[in-house]
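A quick write-up on the structure given underneath.
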Amino acid sequence: MNYWLLKTEPEEFSIDDLQNKAGAEIWEGIRNYQARNIIRDQIELNDRVLIYHSSCKNVGVAGVGEISKAGYPCPYQFEKSHKYFDPKAESGSPRWYVMDVKFVEKFSSLVSLKQIKQESILKDMVLVKQGRLSVQPVTKDEFEKICSLGRSD
DNA sequence: GCCAACGTTGGC
DNA sequence: GCCAACGTTGGC
């Protein structure tokens, strides 16, 4: 099993929105090739994901989700009236991919970016080293450390 | 293929 | 709102 971190702006879609969803959520709108390649080539069913709240008052990891459907072509890139329509996408070779995510756990306390930067075991996270990547790999140790921080207090 | 100009992300 | 750190676009 692999571990990942997914960024989301909580004003758009938060861990609470994921929790309140009856089924799985389509993780849409990733328009970055590095992130696209990860979704298309690496993310597998049942992988675990950290849900990270960005661009908000309290930035940090809010909880955990699970991949309920591995990467598949984003259906919206071909729908002309859709917000995520891409005129350069061709059906033979899709440009963009999505995945389905379902809720697993909301942390009792948010693991803030500040906290993450203070932990020596977490200081090499992609989150810290490369700010702008909305889908990124996390090691098992990093994943477990963040979970234990989130479950404490 | 280079690189300048522009656009976006995201913490603060 | 500012600005650094990217990523993308397009002329040459």
Side-chain angles (χ1 to χ4, degrees), chain A residues 2-21 25-43 47-65 67 71-101 103-139 141-153:
Chain A
N2 290 311
Y3 303 93
W4 311 96
L5 180 145
L6 305 181
K7 289 185 185 172
T8 180
E9 298 185 18
E11 287 185 16
E12 295 288 322
F13 188 83
S14 71
I15 188 78
D16 295 318
D17 296 323
L18 187 63
Q19 181 166 20
N20 292 334
K21 240 183 126 122
E25 170 73 10
I26 297 185
W27 209 266
E28 60 175 13
I30 306 287
R31 291 292 183 272
N32 166 286
Y33 289 107
Q34 208 179 337
R36 187 281 309 269
N37 292 346
I38 293 174
I39 298 170
R40 188 189 58 188
D41 305 333
Q42 293 185 256
I43 288 190
D47 281 356
R48 293 283 160 138
V49 295
L50 297 171
I51 306 295
Y52 179 86
H53 285 175
S54 70
S55 299
C56 60
K57 197 172 176 200
N58 300 308
V59 295
V61 180
V64 176
I67 302 299
Y72 59 100
C74 173
Y76 309 128
Q77 65 191 310
F78 308 119
E79 292 176 21
K80 210 158 193 175
S81 61
H82 199 278
K83 159 185 184 192
Y84 289 121
F85 174 69
D86 184 341
K88 292 180 186 166
E90 293 171 33
S91 58
S93 60
R95 263 192 152 193
W96 306 114
Y97 281 70
V98 294
M99 62 203 146
D100 290 359
V101 178
F103 177 81
V104 172
E105 173 185 3
K106 181 184 176 178
F107 290 154
S108 52
S109 63
L110 181 123
V111 183
S112 69
L113 181 60
K114 191 180 172 191
Q115 239 178 314
I116 290 170
K117 287 177 173 171
Q118 283 169 354
E119 294 285 343
S120 61
I121 198 179
L122 301 177
K123 71 178 187 335
D124 291 327
M125 283 186 73
V126 179
L127 181 70
V128 177
K129 298 211 141 181
Q130 184 183 348
R132 311 177 359 141
L133 185 59
S134 50
V135 177
Q136 52 178 261
V138 173
T139 68
D141 288 346
E142 289 163 352
F143 183 88
E144 284 169 1
K145 178 66 184 177
I146 285 179
C147 286
S148 76
L149 289 171
R151 289 166 190 151
S152 63
D153 308 351

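Residue numbers start from 1 in every chain, and the chains themselves are labelled A, B, ... in the order their sequence lines are given, proteins ahead of strands. Note: hydrogens, waters and symmetry copies are ignored here, and every other heavy atom, side chains too, is used.
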task = Figure out the CD/P separation between A:Gln136 and C:dG7, and round it to whole Å.
result = 13 Å

Whole-Å distance separating the CG atom of A:Asn32 from the C1' atom of C:dC6 =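 Computing the A:Asn32:CG to C:dC6:C1' distance gives 10 Å.
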
Would you tabulate the nitrogen or oxygen pairs shorter than 3.5 Å linking the protein to nucleotides 8-12 of chain B?
{"from": "B:dT8", "atom 1": "O2", "to": "A:Arg132", "atom 2": "NH1", "distance (Å)": "2.2"}
{"from": "B:dT9", "atom 1": "O4'", "to": "A:Arg132", "atom 2": "NH1", "distance (Å)": "3.3"}
{"from": "B:dT9", "atom 1": "O2", "to": "A:Arg132", "atom 2": "NH1", "distance (Å)": "3.4"}
{"from": "B:dG10", "atom 1": "OP1", "to": "A:Lys7", "atom 2": "NZ", "distance (Å)": "3.0"}
{"from": "B:dG11", "atom 1": "OP1", "to": "A:Tyr52", "atom 2": "OH", "distance (Å)": "2.7"}
{"from": "B:dG11", "atom 1": "OP2", "to": "A:Ser55", "atom 2": "N", "distance (Å)": "3.0"}
{"from": "B:dC12", "atom 1": "OP1", "to": "A:Lys117", "atom 2": "NZ", "distance (Å)": "3.3"}

query = With sequence neighbours excluded, what pairs up with A:Ser134 under the side chain to side chain donor-acceptor pair (under 3.5 Å) test?
reply =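 With sequence neighbours excluded, A:Ser134 shows a side chain to side chain donor-acceptor pair (under 3.5 Å) to no residue whatsoever.
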
ask   = How would you list, by chain and number, every residue that makes a side chain to side chain donor-acceptor pair (under 3.5 Å) with A:Asp47, sequence neighbours excluded?
value =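 Here the qualifying residues are A:Trp4.
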
request  = List for me each residue that meets salt bridge (charged side-chain N to carboxylate O under 4.0 Å, His left out) alongside A:Glu9, sequence neighbours excluded, and say none if there are none.
outcome  =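 Salt bridge (charged side-chain N to carboxylate O under 4.0 Å, His left out) list for A:Glu9, sorted by chain: empty.
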
Listed pairs under 3.5 Å, donor-acceptor, residues 116-131 of chain A side chains, sequence neighbours left out:
{"from": "A:Asp124", "atom 1": "OD1", "to": "A:Lys129", "atom 2": "NZ", "distance (Å)": "3.4"}
{"from": "A:Gln130", "atom 1": "NE2", "to": "A:Gln34", "atom 2": "OE1", "distance (Å)": "3.2"}

For residues 74-81 of chain A, which side-chain N or O atoms pair as donor and acceptor with protein atoms under 3.5 Å away, sequence neighbours left out?
{"from": "A:Gln77", "atom 1": "OE1", "to": "A:Arg95", "atom 2": "N", "distance (Å)": "3.0"}
{"from": "A:Gln77", "atom 1": "OE1", "to": "A:Trp96", "atom 2": "N", "distance (Å)": "3.0"}
{"from": "A:Gln77", "atom 1": "NE2", "to": "A:Cys74", "atom 2": "O", "distance (Å)": "2.9"}
{"from": "A:Gln77", "atom 1": "NE2", "to": "A:Trp96", "atom 2": "O", "distance (Å)": "3.0"}

key: C:dG7 phosphate, OP1 or OP2, under 4.0 Å from A:Gln34 side-chain N/O   = yes

